[in-house]
**Student:** 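The structure is given below, and queries will be raised subsequently.
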There are 2 protein chains.
Amino acid sequence: MEVSPGHVRPGGRTARVREAVLAAAGDALAEQGFDHLDLADIARRAQVGKTTVYRRWGSITNLVADLLADMAEQSLPRTETGSLLGDLQANARLVQRTLSDQRQGRLFTAVIAAATCDPRTAEALRHFYETRIDEWAPCVQAAIERGELPADTDCREVIRAVSAPLYYRLLTVGHAPDEADADQAAEAAIAAARAGAYVKSWQQS
Amino acid sequence: MEVSPGHVRPGGRTARVREAVLAAAGDALAEQGFDHLDLADIARRAQVGKTTVYRRWGSITNLVADLLADMAEQSLPRTETGSLLGDLQANARLVQRTLSDQRQGRLFTAVIAAATCDPRTAEALRHFYETRIDEWAPCVQAAIERGELPADTDCREVIRAVSAPLYYRLLTVGHAPDEADADQAAEAAIAAARAGAYVKSWQQS
DNA sequence: CGCTTAACGGAACTGGAGACCCGTTTTGAA
DNA sequence: TTCAAAACGGGTCTCCAGTTCCGTTAAGCG
């Protein structure tokens, strides 16, 4: 992305431009969708010359990848309820609310679409989700220590199991999940985890 | 899609062209990805004038939607093993093999990307998955009748629960699931279903 | 076996997104 | 405060995917 020949200038204007362009890219992605993305349009929204966007990011693809990297930074802290069901429900509802939100939902589908078209973006998306999972996995670990789940349960897999049906709904069923879907996802993940479906090192047939 | 003023001619050449173009579109989608799709390229692959593609489908978007409709027709029959675990494992592995296949996997991600960008394509994709679920739901119904699952279990939801983690892996983790993932998905779906996570009419908090 | 016309294909046209040039503004260090 | 160069921005050009024109092929009916 940023080339640094000799001297870089991250101060003042540069940072302001980056912020404005990323915000504009997010808006454009949410409103227009991944295709229909237009360099000139993004520049107009950011009140920035389109040459600037072209020079700094080179392509729409790189811009989306950078946007994802930026999104990964802003990791919202998880809520601690003390019970596994409460924690996973909180997680499920957070995902559900995000995907149901007009802007955020469209943004996420657009970003996923972008990731399927470019390896760098795919890597950025992967990193984004790994970051989110890092944030929530500890609540599963705590449940293991309380004896609520098998000792060798794969914490990260449980968190993925909560998100999976919600994203599946959004992408293949076509519309965002509702609150009941979120609760169902949390319940199902716990039931499967209790039954040992997510224990590590599963070499069986 | 097809306009029919006065008289249509579905025979011979027309059918051959449609078949060739849909096949070419599938290849192009799998190789180039959803963006980078080129009308002229598809026409070249199908050994057909690009004017023809343009006139018959109007846009890439409609072509992909039509491809999906065509894919929904070719529903492969499910394998009956007699046990719920066997059936769901068969389903999970079928999905897993499909997504792991070089061509098919890329095709599916591309198609999903296309669906996020256009309502008609999204509807076609939804119909495709509904068709697949129709095919497999009966094996869950049979399990209910054998008393293996709660009576008011949502059969279709169980099938979705099998696919969800596999697609989630492909789209957000970035690479296709393996056979162990497939078995895990089947196990998890059964465990959750047994625990009553997929019973219908879940109006609780 | 013709004849009408739906459907196809080659080739030329066109609009707009991306690439670029060059003058202007901002940065940051001396 | 000064100044070299890093970064920005307006305007222009280029290239090619999508579109259209019109002559050609073949489907299907009498």
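Proteins come first, then strands; the chains are lettered A, B, ... in the order of their sequence lines, and each starts at number 1.
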**Student:** So, does A:T109 use its side chain to make a donor-acceptor pair with the main chain of B:T116 at under 3.5 Å?
**Tutor:**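 Looks like no, no N/O pair under 3.5 Å.
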**Student:** Starting at NE2 of B:H36 and ending at P of C:dG18, how long is that distance when rounded to a whole Å?
**Tutor:**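 These atoms are roughly 13 Å apart.
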**Student:** Out of A:D181, A:D87, A:D178, A:D183, which residue meets the salt bridge (charged side-chain N to carboxylate O under 4.0 Å, His left out) rule with A:R93?
**Tutor:**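 Answer after filtering A:D181, A:D87, A:D178, A:D183: A:D183.
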**Student:** In whole Å, I'd like the distance from the CZ atom of A:R44 to the P atom of C:dG16.
**Tutor:**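 My rounded result for the distance is 12 Å.
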**Student:** Nearest whole angstrom, please: distance from the C1' of C:dA17 to the CD1 of A:I42.
**Tutor:**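 So the two atoms are 12 Å apart, to the nearest Å.
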**Student:** Tell me: CG of A:D41 to P of C:dG16, nearest whole Å?
**Tutor:**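 So the two atoms are 14 Å apart, to the nearest Å.
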**Student:** Starting at atom CD of A:Q47, determine the distance to atom C1' of D:dG9, rounded to an integer number of angstrom.
**Tutor:**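 My rounded result for the distance is 13 Å.
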**Student:** Using 30° and 60° as the class limits, which term best fits the ring planes of B:Y168 and A:Y129: parallel, tilted or perpendicular?
**Tutor:**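 B:Y168 and A:Y129: perpendicular rings.
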**Student:** What is the per-nucleotide protein-contact pattern of nucleotides 10-20 of chain D, from the 5' end, where B denotes a base atom under 4.0 Å from a protein heavy atom, S denotes such proximity for sugar-phosphate atoms only, and - denotes neither?
**Tutor:** BBB----SBBB
**Student:** For a side-chain contact (heavy atoms from CB on, under 4.5 Å) with A:E31, tell me which candidate from A:Q102, A:R106, A:R45 qualifies.
**Tutor:**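 With A:E31 as partner, side-chain contact (heavy atoms from CB on, under 4.5 Å) holds for just one option, A:R45.
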**Student:** Enter the inter-axis angle for the ends of the helix from C:dC1-D:dG30 to C:dA30-D:dT1 (five pairs per end, rounded to 10°).
**Tutor:**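 Rounded value for the end-axis angle: 40°.
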**Student:** What is the distance, to the nearest angstrom, from the CH2 atom on A:W57 to the P atom on D:dC8?
**Tutor:**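 Between P of D:dC8 and CH2 of A:W57: 8 Å.
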**Student:** Just to confirm, is there a sub-4.0 Å distance from OP1 or OP2 of C:dT26 to any side-chain nitrogen or oxygen of A:R16?
**Tutor:**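 Looking at the OP1 and OP2 atoms of C:dT26, neither is under 4.0 Å from any side-chain N or O of A:R16.
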**Student:** Apply salt bridge (charged side-chain N to carboxylate O under 4.0 Å, His left out) to the pair B:D27 and B:R103, showing each step before the final yes or no.
**Tutor:** CA-CA 8 Å; B:D27 291 344; B:R103 189 191 123 92; 2.2 Å; yes
**Student:** Does B:E135 use its side chain to pair, donor to acceptor, with the backbone of B:R78 at less than 3.5 Å?
**Tutor:**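 Yes, B:E135 side chain to B:R78 backbone: donor-acceptor pair under 3.5 Å.
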**Student:** In terms of heavy-atom contacts, does CD of B:E19 have more than 12 from other residues, nucleotides or ligands at under 6.0 Å?
**Tutor:**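 Counting neighbours around CD of B:E19, 12 or fewer heavy atoms of other residues, nucleotides or ligands fall under 6.0 Å, so no.
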**Student:** What do the steps show when you test B:R97 against B:E179 for salt bridge (charged side-chain N to carboxylate O under 4.0 Å, His left out), and what is the final call?
**Tutor:** CA-CA 8 Å; B:R97 276 198 307 274; B:E179 206 167 73; 5.6 Å; no
